[in-house]
Structure formats: C-alpha cells, structure tokens
Amino acid sequence: MMVETAILSVPVFSTLCNEAFRLRRAVFVYEQKVAEAEEFDADDLSAHHLVAVTAGEVSGTLRAIYAEEHVKIGRVAVAGRWRGRGIAADMIGRAIELHRGARDNRFHLTAQADKLPLYERFGFVAYGTEFLDGGMPHLAMKNY
C-alpha cells in the first residue's frame, strides 16, 4: 500500500514546525549526538521551514535560509521509520521549487559525507575539503 506524503511550508513555532523541531532533536541530538546548542540557532527564526507529513505524522523536515548569494538548504531530517521512502528527496525538490526565484536558482548546503548521492541527484556538486560538523564529516555543496 502506497502512503502519500504532503510537503508543507509552515511558519516558525506553528504546531507543525514545533513537531519538526522535535523531529530534528530526535534525529540530530539524540540519534546522531549533535550538541543541542549547535542544532538550534537564530537562523530558525527567519528560515523557511518545510515539513513532510505521512500517515498523519511529521515524517521529515528541512529549512531554507536566504543568504546574500544563494538559498541554503539545511537541517534535513527524516524520522527513522520513514527513511528509504524518498521523503528527503521530495522535500529537497519542493524546497528548490519554492525558492528557486529567491537567489536566481542558486542553492548551497553542507551535506553529511555519506549523503552526497542524494544531493547530487539535484545537481549539487561537492567542493572544498571535508570538515567536521556536529562531529560528523561534511562537505559543502552547491548547484552553481
């Protein structure tokens, strides 16, 4: 049985955004051991938040931040029980669709090193040297 996922743009501190923050805490802080002080920051207040809802529950989230030269996609998280179903890809595609006009279709992100193929499907290319973020290897990526 195919379960549909809705990808919604939600305001910060709305009920759905608060559930997305709860998901980020579960994935990044508890599962991946990122310090909570590193996970949540002032950018959350001005970011554009996307939330994936599957079978009535928040299954994924990401945020998009308007930097001067590009839109930065970040904090991509999918709940464990929903991984492997294309939710992250659906959210990334939706974020690009919604925000491509903001910075002339220029997007940037930093990806966990083992997640590069996901972003490469959307035309992102890694550049620079690998660095640690939250204790995990990351690479900067951009589509321009």
Side-chain angles (χ1 to χ4, degrees), residues 1-67 69-126 130-144:
M1 179 172 122
M2 182 74 133
V3 179
E4 287 192 34
T5 297
I7 309 296
L8 308 170
S9 181
V10 300
V12 69
F13 300 123
S14 63
T15 300
L16 282 175
C17 194
N18 285 337
E19 287 301 310
F21 289 163
R22 186 184 331 267
L23 173 61
R24 281 175 41 191
R25 184 174 287 108
V27 170
F28 295 121
V29 177
Y30 298 123
E31 182 181 329
Q32 297 183 355
K33 308 298 184 216
V34 174
E36 190 156 1
E38 290 180 42
E39 172 53 27
F40 297 97
D41 58 29
D43 286 334
D44 282 320
L45 298 175
S46 60
H48 301 263
H49 297 274
L50 291 184
V51 173
V53 178
T54 309
E57 71 178 77
V58 171
S59 56
T61 187
L62 66 69
R63 72 180 188 183
I65 299 167
Y66 288 10
E69 65 280 0
H70 52 241
V71 177
K72 183 177 181 190
I73 295 174
R75 304 304 200 269
V76 180
V78 175
R81 72 180 288 220
W82 297 110
R83 292 182 191 149
R85 299 175 189 233
I87 292 171
D90 288 348
M91 291 188 303
I92 294 161
R94 183 75 175 134
I96 291 169
E97 177 185 312
L98 287 172
H99 301 288
R100 70 172 25 119
R103 298 294 182 265
D104 203 23
N105 200 33
R106 294 163 56 103
F107 290 88
H108 179 273
L109 54 87
T110 59
Q112 292 177 8
D114 64 335
K115 305 292 189 292
L116 296 183
L118 167 65
Y119 300 108
E120 288 169 343
R121 290 190 298 187
F122 293 94
F124 286 91
V125 176
E130 191 174 272
F131 59 95
L132 290 180
D133 188 9
M136 293 168 285
H138 280 68
L139 280 161
M141 299 185 84
K142 61 184 177 180
N143 73 340
Y144 58 94

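Nothing fancy with the numbering, it's 1 onward along the sequence.
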Problem set entry | Heavy-atom pair with the smallest gap, counting every atom of Cys17 and Pro11 | CB-O, 3.2 Å
For this session: Heavy atoms only: give me the nearest Ile92-Leu62 pair and the separation to one decimal.
Result: N-CD2, 3.9 Å
For this session: Under the salt bridge (charged side-chain N to carboxylate O under 4.0 Å, His left out) rule, what do Glu36 and Arg25 come out as? Steps first, then yes or no, please.
Result: CA-CA 7 Å; Glu36 190 156 1; Arg25 184 174 287 108; 2.6 Å; yes
Does the side chain of [Y] come within less than 4.5 Å of [X]'s, by heavy atoms?
X: Met91; Y: Ile73; result: no
X: Glu19; Y: Glu57; result: no
X: Phe124; Y: Leu139; result: no
X: Met141; Y: Glu120; result: yes
X: Val53; Y: Ser59; result: no
X: Arg94; Y: Leu50; result: yes

Can you tell me how far apart [atom1] ([X]) and [atom2] ([Y]) are? Round to the nearest 0.5 Å.
X: Arg75; Y: Asp43; atom1: CZ; atom2: CG; value: 7.5 Å
X: Ile87; Y: Thr54; atom1: CD1; atom2: OG1; value: 3.5 Å
X: His138; Y: Leu109; atom1: NE2; atom2: CG; value: 9.5 Å
X: Ile65; Y: His70; atom1: CD1; atom2: NE2; value: 9.0 Å

Problem set entry | Aromatic ring proximity, centroids under 6.0 angstrom, Tyr66 and His99 |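 Yes, the ring of His99 comes within the 6.0 Å limit of the ring of Tyr66, centre to centre.
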Exercise. Under 6.0 Å between the ring centres of Tyr144 and His108?
Worked result: no
For this session: Take Val76 and Tyr119 through the side chain to side chain contact (heavy atoms under 4.5 Å, CB included) test and state the conclusion after the steps.
Result: CA-CA 11 Å; Val76 180; Tyr119 300 108; 3.6 Å; yes
Is [X] reaching over with its side chain to a backbone N or O of [Y], donor-acceptor style, under 3.5 angstrom?
X: His49; Y: Asp44; value: yes
X: Arg63; Y: Ser46; value: no
X: Arg24; Y: Thr61; value: no
X: Asp104; Y: Arg106; value: no
X: Asn143; Y: Asn105; value: yes

Exercise. Quick check: are there more than 12 heavy atoms from other residues, nucleotides or ligands sitting under 6.0 Å from CD of Glu4?
Worked result: no
